[in-house]
Amino acid sequence: MDIDKIKEAIIELNDRDTKELVANALKKNIDPQEILEKGLIAGIKEVGNLFTRKEYFVPEVLLASEAFYSGFNMISPLIKSQILKKKAKIVIGVVGGDIHDIGKNIVKVLVEASGYDIIDLGKDVATEKFINTVAREKPNVLALSSLLTTTMMRMNDIIKGLEQRKLRSNIKVIIGGAPVNQDFANKIKADAYGKDAADAVRLIEKITGA
Amino acid sequence: MRETLTPRERFGLLVIDEKPDRCNIIPLVTSHAAEIARMKLKKYYTNGEAMARAQIAAIEEYGHDAISIFSEVGIIAEAMGSDFDYPDDDLPVIKRPALTKKNIEDIKIPVPKRDKRLPVYLEAIGYAYQSLGDKVPILAYVPAPFTTGMMLSDPKTFLIQTIRDPDHIKKIMEKSLQAAIEFCYDIIDAGALPIIVDPLASSSVVSPKAYKNFALPYERALIDFLHRYDLDIILHICGNTEPILDLLLETGADLVSLDQVDLSLAIEKLSKRMRIIGNFDTSKIAFSSPEEIMEEVKNMVKRGIKSKKGYIASTGCEVPIKTPPENVRTFINAAKEVGWYWE
Amino acid sequence: MIGYTCSYIPVELLAATGLKPYRLLHGDIGLSKDGERLLRIDACPLVKSNIAYIIKNQDKFTALVGSTGCDMARRMFDIVDELTDIPVYVLNNPRTDNPKIFNDEIDWLVKELEHLSNRKLNDDLLRLEIERWENIREQYRTLNKKRAANPSLISTSDFHKAAINYYKGDVDAQINITEKHSVNPRVYLIGSAITYGANQILELLEQELRIVGDFNCGISRFLNIEIKDKNLNGIKHAYYNQPPCIFKRPNHKFYEWTSSQLKKYTCDGIVAWTLDYCDSYEFELKRMESRFGFPILRIRSDFSFQNLSQIKTRISAFREMLCSKI
Amino acid sequence: MFEDLKPKKINLTEWSHQFRKISDQIIKKYKYYGNQDWGIYLSPPATFMVYGARQLKRLKFDNSFAALRLWGFVFNESERLFRAKQVGKKVIATMGDLGTIPVIVMSFPDCIPFYPECIWWTPFFNESFILLDMATKLGAPEPACFSRAALAAFYKKAYFPKPDLMFASTGASCDDYSCIMQLIEGLGYNPIWIEIPFRRKSRSYFVADDYEHTKWGIDYPKRFETYLMSEYEKVWQNMVEFTDINNRNYLAKSIKNANRLRKLVENIKKLSYEAELAPFPGLELMVIEFGNLYGYADFDEWTDIIEMVYATISERVQKGEGVLNPDALPIAWVTPSPDPYLLNLVEDLGCRIVATEYVINQALVEIEEDIEPFQALARSFLNASLIGSTEQRVRRIIEGVEHGRISGVLITNMLGCSHCAMETRLIQQMLSKVPVLSIDVPAPFGITEQLKSRIAAFVETIRCARR
Amino acid sequence: MVLGIDIGSCYTKGVLFDGSIKNKIVIKTFFKPRQAIEEITSQLKGFDRIAATGYGRELVTDADVIITEITAFARGATYVNSSINSIIDLGGQDSKIIKIRDGKVDRFIMNDRCAAGTGNFVEKIAQALGLRLEEFGNFALNSNKPEMIDSLCVVMAETEILSLVSEGKRLEDIVAGVCDALVRRITGLGAQIGIEEPILFCGGGALNPGLVKSMKRIFGDLIIPDIPQFIGALGAALSI
């Protein structure tokens with residue numbers, strides 16, 4: 001009951017309620033693991049679905065993720081050691097010249113909520129920095145975002161750079177953002193295109209086999 | 001010679017509901033022009049004459065039907081106080097939005113002839129107009145209030161405020177509208193037709209409800225202002241606009257430029273009152289083979305010219321900077337092959 | 001003498017007054033420069049020359065008869081009227097397909113001429129003049145057949161020299177033309193007036209080509225006037241129905257007539273001679289090219305022939321071109 | 001609107017600024033064909049500059065509301081003609097006669113006459129060779145009247161709709177027009193040709209014709225009147241055939257309408273020329289004179305605008321206000337200038353236009369209302385400038401000079417224009433009591449420093465002569 | 001081996017031809033065509049026949065064949081590129097436009113007395129502006145906004161140009177405007193016979209990059225041979 005309310009609070013984009021409900025649930029000694037999975041994560045995943053169904057848009061997801069984090073921040077110290085076993089390592093960032101990171105941030109929330117280890121390089125990230133990070137961190141997935149037609153070409157540069165440094169075969173590259181699509185992904189030889197944040201999580205699950 | 005008209009004449013016929021010799025062909029060749037002119041991007045967006053020369057070079061190279069004066073959508077927000085970096089080989093990048101430094105009440109309406117890079121646009125228009133103004137229409141892209149508003153703010157805060165603090169958003173909108181009006185005023189004086197661009201109001205970003213509440217009224221107000229001049233106004237919203245197609249009718253725009261939307265659907269819904277501009281996939285123009293482009297553009301144009309109130313063959317969004325020129329040329333040739341109204 | 005300017009002005013009527021009809025067909029660079037003292041430089045060189053000639057020879061002319069053939073030719077008399085005391089009669093030419101105005105104008109002209117000459121232009125007098133002029137025209141027609149023969153037996157340059165008698169009203173002068181056979185490419189000459197002083201261009205052309213027919217204000221145009229009824233109505237009818245001036249609107253008939261001539265004379269090409277600022281032909285040249293389907297050699301002139309070597313080159317090239325086609 | 005402003009000539013930017021003060025309601029008030037969406041014409045010059053009229057950038061305009069209406073309306077003509085056809089009106093081209101046949105055409109409901117050759121303005125306002133170059137390609141020689149632009153416009157079909165019916169007047173008027181119309185026919189159009197006779201002067205040794213006098217004291221052979229009437233009858237019959245309507249009463253009415261405008265314009269000219277200070281700029285006055293030809297394709301709305309102009313001018317005269325300096329020199333202008341900048345320039349350099357001879361007299365004179373309508377039209381047409389002698393053409397200017405009302409004469413010529421080539425020297429001679437400047441109007445872009453100096457020198461000469 | 005010689009008003013061109021071009025030379029005529037002919041015949045040796053064309057063609061007394069430049073250009077141009085339908089030749093005193101059908105001259109037209117449509121126009125204006133001819137062409141390349149120059153004659157244009165200079169207009173734009181004005185004359189000329197693509201552009205004018213740019217702006221793609229100046233001489237040689 002309490003946990004359902006937490007899920008609903010997130011869907012209703014209410015961070016204060018979420019915080020209160022999580023506090024209450026903890027007081028009632030409900031298993032943090034359950035609060036997280038069935039409340040917070042279930043909520044944010046549903047938001048992801050609503051987003052896919054074009055019922056929610058970016059602002060809604062932003063508020064939902066605030067609500068999510070308001071609960072998550074209370075819970076994570078309690079369960080860190082036990083369950084946050086990382087499924088895979090993801091590097092994410094917005095390509096150079098582009099500062100539109102909201103979409104990327106939404107992906108980050110959902111991916112993080114789904115239990116991945118995520119390294120966020122932020123926005124306007126130079127091509128070199130992506131490549132160097134991949135070389136150093138050896139992630140399983142590189143997730144690239146861009147909102148501008150003019151900057152989407154950078155994705156191509158990054159993939160070419162990975163090839164040159166012989167890093168390409170060990171990593172999956174997924175891309176997203178308003179101007180790109182499956183066609184574009186094929187053209188630049190990305191492994192996958194995610195049309196929205198929820199889609200991105202599904203893709204990551206698929207290509208990392210987890 | 002089959003081509004009878006100049007681009008200017010062609011556009012003129014379109015906006016008085018007459019069929020020109022063939023449809024207008026206006027792929028959104030903006031910063032890509034710098035590539036054609038082999039010019040550093042920084043020079044392109046900081047120097048009006050350079051911007052115009054690049055555009056003229058592109059016209060000479062491709063022979064499309066309009067000059068597009070544009071670099072990026074932050075132009076008004078910058079003049080209102082948002083800080084931008086100017087990379088050499090890249091478009092300006094926002095560093096600090098104005099509203100993270102001060103309150104909306106303290107933001108001043110810019111003076112277009114003076115502030116930041118607004119004069120760059122005006123100079124570019126002036127130069128292009130002197131050079132080709134009799135033959136080619138000049139289109140200057142003006143960010144709509146919603147887009148400017150988002151460029152004035154931390155985007156996340158802005159979007160959250162659309163739900164949490166609508167009154168504050170409206171204050172930002174009012175100011176951005178004023179700024180856009182002032183800019184349009186000078187653009188007209190310099191000789192260009194303003195195009196209203198509102199990419200951040202698309203359904204890729206905000207809900208139709210938010211579009212209706214915060215973007216549409218101000219697009220409409222700006223278009224109303226321009227209609228006082230008896231000008232025909234283009235509204236360009238790239239990204240996904242399918243959910244808001246019906247709402248677009250309420251903007252009062254005379255021409256609407258669309259991106260991710262089914263062209264036939266758009267024609268069905270809008271072409272009684274609006275001319276449709278669009279909507280070739282920009283990633284395709286950048287990456288497809290000329291053969292594929294030829295085929296697909298032809299299909300698009302064949303559908304487009306069925307639109308009752310007129311059609312402009314275009315790309316859904318800007319032609320990406322590094323697009324191979326061969327592809328743009330193919331786009332234009334394809335459209336020229338099938339886009340005829342006159343025998 | 002009574003001066004006149006246009007193929008639509010019946011010489012028979014002028015002659016019936018007892019005066020000698022004198023066609024104002026002056027055109028050379030000297031007279032033209034003189035004319036520039038009265039007219040802007042962009043006036044027609046023929047008009048400039050004629051004006052200069054009239055002013056210089058005022059005392060020779062009892063009267064002048066002009067027409068509305070073209071704007072400049074009509075306005076020429078406006079100036080003459082201001083600057084001299086010579087009586088001037090300007091006739092409205094047929095400019096559309098409607099004979100009424102022309103017929104009325106002829107009636108008017110007859111009355112004016114009667115007043116001027118104090119002579120009644122009655123049927124007898126007119127018949128006499130018609131016979132006299134028909135007779136001379138018939139002689140020229142015979143010669144013209146030789147010119148048009150294939151191969152051509154006399155040159156247009158020679159024909160032109162002989163025809164000057166007609167234009168200057170020397171009806172009784174002997175016409176002698178020596179035969180000069182030619183197998184050069186056969187061309188038809190069209191365009192602005194070939195003046196008394198412009199024989200040079202004909203000679204130049206006929207060094208390499210043979211002009212077998214022509215249609216312009218000058219040379220053989222008068223041959224097309226054939227008066228059947230020997231009275232005033234006959235005059236009206238013949239003059240109105242001559243092959244139409246290019247200025248008549250619409251000008252389909254000009255094209256039809258010229259096309260038939262080109263066929264009749266088995267021409268290989270056309271030479272278009274135009275004077276500077278002569279609207280009537282300048283405007284039509286492009287259409288002629290496509291309508292007639294023949295190559296056209298254009299020669300534009302102010303009578304100065306400063307570019308003689310270039311003109312020669314063009315004529316040679318035209319010949320080479322025609323020969324390669326024949 | 002703007003009653004509080006002092007009369008002034010202002011540039012395009014200033015006009016845009018002033019325009020912002022106008023409310024939406026007022027903008028919507030002025031429309032043509034009653035259409036709210038596209039019928040609006042009250043736009044500042046900047047609008048037309050955006051659509052390609054480049055010269056507007058350097059022109060100056062009167063700052064009255066009436067002038068705003070006037071310019072908006074004039075520049076809107078092309079759209080207005082297309083719209084006319086879209087809403088089912090008939091568009092009739094009446095080429096060459098300049099002022100009379102439109103009156104007949106207007107007697108048929110929903111028939112709109114217009115002059116394709118008036119497009120000669122377009123290359124100048126656009127500062128562009130597009131139309132002129134195209135005309136060259138179609139066969140018009142380069143040294144020919146700028147109205148050859150009409151040939152290109154017919155070919156391009158982008159400046160006015162395909163006329164439903166075309167009349168082309170030819171004969172003793174203007175050869176360039178005649179040739180251009182012939183080439184237009186060659187493009188596949190089908191004009192009905194109307195013949196204009198040459199108006200002979202009466203002289204003592206001419207006895208054969210009866211002569212009559214027009215209102216302006218110009219004599220002509222009486223039978224030409226009858227002849228013109230028969231040509232107008234032909235126009236009428238063609239219109240009847242086309243519209244299936246035959247009502248002569250409409251003709252009397254449209255003559256009345258035409259006269260209303262002609263009287264207004266006559267009064268405007270009189271007021272302006274005789275006022276102490278020039279109440280209205282010469283460029284606008286020229287546009288007003290040409291409006292008499294056909295009301296820029298909406299005769300009623302145009303007359304309404306001219307009424308407003310008249311009110312504005314009357315008020316200014318009453319208040320003793322003007323747009324030019326009090327010491328501006330009164331000059332006459334012979335032959336219209338297709339270059340509007342030249343009219344601006346001449347005023348800037350110290351002249352004031354107080355008499356004009358724009359070769360459209362037939363459209364300025366009142367049509368008699370108490371005689372048979374076709375006869376009245378014929379008699380009005382016989383005042384035309386181009387169909388008679390040069391002396392008749394400039395007689396009124398000569399009178400002005402003799403009465404001391406005119407202290408200089410400016411003649412504009414076009415290279416290759418036949419009547420200019422023949423007349424200009426003669427006019428110079430006839431008017432030689434005052435300084436005369438004859439300049440060739442160059443193609444668009446053409447006003448050079450050299451030309452400016454010549455006009456300045458002309459002004460100095462007049463000043464010296466007056467001293 | 002044939003010597004084709006083209007005696008133009010400004011330059012005299014010679015081509016040695018024997019199945020292909022063996023040698024070629026161009027010298028200034030300087031109003032002394034006889035000297036020019038002598039110089040060419042002495043410098044280009046080894047020919048056994050001569051074919052002459054150009055305005056001084058009649059002066060080559062020992063020529064085996066004499067043809068006009070119209071025919072010569074048509075022969076030369078179709079040899080260089082057999083697909084062409086029109087030739088535009090921009091020479092010093094003359095400009096000509098030739099329409100080709102089946103490898104033969106179908107129509108041709110030359111400029112009238114006026115020099116405004118010839119290379120002479122450019123030379124005169126370059127002189128007035130104090131530019132060398134080579135500079136002139138490259139200057140024009142640097143302009144996107146040619147000034148409009150519309151006088152129909154060289155002398156008038158000179159006044160107009162000096163007026164533009166005094167108004168402080170950019171030299172590049174003026175020079176580009178001069179090129180455009182010249183091309184407009186050519187368009188007017190070509191309009192009379194109707195130019196058809198593909199077009200070969202030759203003569204000395206084709207060596208001027210500014211003119212080439214202006215020509216391309218109006219006529220679209222042009223074929224410019226490697227030896228634009230020698231088309232006439234080549235065509236003469238081919239006529240034997």
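FYI, side chains are in, hydrogens and waters are out, and symmetry mates aren't considered; it's all heavy atoms of this structure. Nothing here was measured: the structure is a model prediction, and the numbers come from that model. Throughout, a chain's letter reflects where its sequence line sits, starting with A, and its residues are numbered from 1.
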Which portion of C:Asp81 sits near chain D, non-hydrogen atoms under 4.5 angstrom: both
Portion of C:Leu91 that has a non-hydrogen atom of chain D nearer than 4.5 angstrom: backbone
Quick check with a 6.0 Å cut-off and a 45 degree axis cone: is C:Lys248 positioned over the face of C:Tyr240's six-membered ring? yes
Parallel, tilted or perpendicular: ring planes of D:Phe374 versus D:Trp236, cut at 30 and 60 degrees: perpendicular
Under 4.5 Å from any heavy atom of chain D, what part of C:Leu285 do you find: side chain, backbone, both or neither? neither
Aromatic centroids of D:Trp193 and D:Phe167 separated by under 6.0 Å: no
Of the listed D:Leu138, D:Leu426, D:Asn413, the one with the largest count of heavy-atom pairs under 4.5 Å with chain C is D:Asn413
So which part of D:Asp440 gets closer than 4.5 Å to some heavy atom of chain C, the side chain, the backbone, both or neither? side chain
Which of the residues C:Asp71, C:Ile41, C:Asn93 is involved in the greatest number of heavy-atom pairs with chain D at under 4.5 angstrom? C:Asp71
C:Lys100, NZ atom: more than 12 neighbouring heavy atoms under 6.0 Å: no
May I ask you to decide if D:Val359's main-chain N or O and D:Glu357's side chain share a donor-acceptor pair within less than 3.5 Å? yes
Would you give the length of the straight line joining atom OG of D:Ser173 to atom CD1 of D:Ile387, rounded to the nearest 0.5 angstrom? 8.5 Å
Check whether D:Tyr227 gets within reach of chain C through its side chain, its backbone, both or neither, counting any heavy atom under 4.5 Å. side chain
Under 6.0 Å between ring centres: does that hold for C:Phe247 and C:Phe254? no
As an exercise: rank D:Arg200, D:Arg425, D:Glu391 by heavy-atom pairs under 4.5 Å with chain C and give me the winner. D:Arg200
Please flag which part of D:Gln392 lies under 4.5 Å from any non-hydrogen atom of chain C: side chain, backbone, both or neither. neither
I need the residue from D:Ala140, D:Pro191, D:Pro197 with the largest number of non-hydrogen atom pairs under 4.5 Å to chain C. D:Pro197
Contact class of C:Asp107 relative to chain D, heavy atoms under 4.5 angstrom: neither
Can the ring centroids of C:Phe77 and C:Tyr89 be said to lie less than 6.0 angstrom from one another? no
If you count heavy-atom pairs under 4.5 Å with chain C, which of D:Thr424, D:Thr390, D:Leu151, D:Ile196 comes out on top? D:Thr390
Could you tell me if D:Glu241 and D:Gln237 have a donor-acceptor pair between their side chains, going purely by distance under 3.5 Å? no
Looking only at D:Met181, D:Arg223, D:Glu423, most heavy-atom pairs under 4.5 Å shared with chain C are made by D:Arg223
Quick check for you: among C:Arg291, C:Glu82, C:Glu105, which has the greatest number of heavy-atom pairs under 4.5 Å with chain D? C:Glu105
Output field: ring centroids D:Phe154/D:Tyr189 closer than 6.0 Å: yes
If you count heavy-atom pairs under 4.5 Å with chain D, which of C:Arg75, C:Lys286, C:Lys111, C:His252 comes out on top? C:Arg75
Pairs of heavy atoms under 4.5 Å with chain D: top-ranked of C:Thr68, C:Leu83, C:Asn251, C:Val110: C:Asn251
Parallel, tilted or perpendicular: ring planes of C:Phe102 versus C:Tyr8, cut at 30 and 60 degrees: perpendicular
Do you know which of C:Glu282, C:Glu289, C:Arg249, C:Glu114 has the most heavy-atom pairs under 4.5 Å to chain D? C:Arg249
Which one, D:Gly139, D:Cys179, D:Gly388, leads in non-hydrogen pairs under 4.5 Å with chain C? D:Cys179
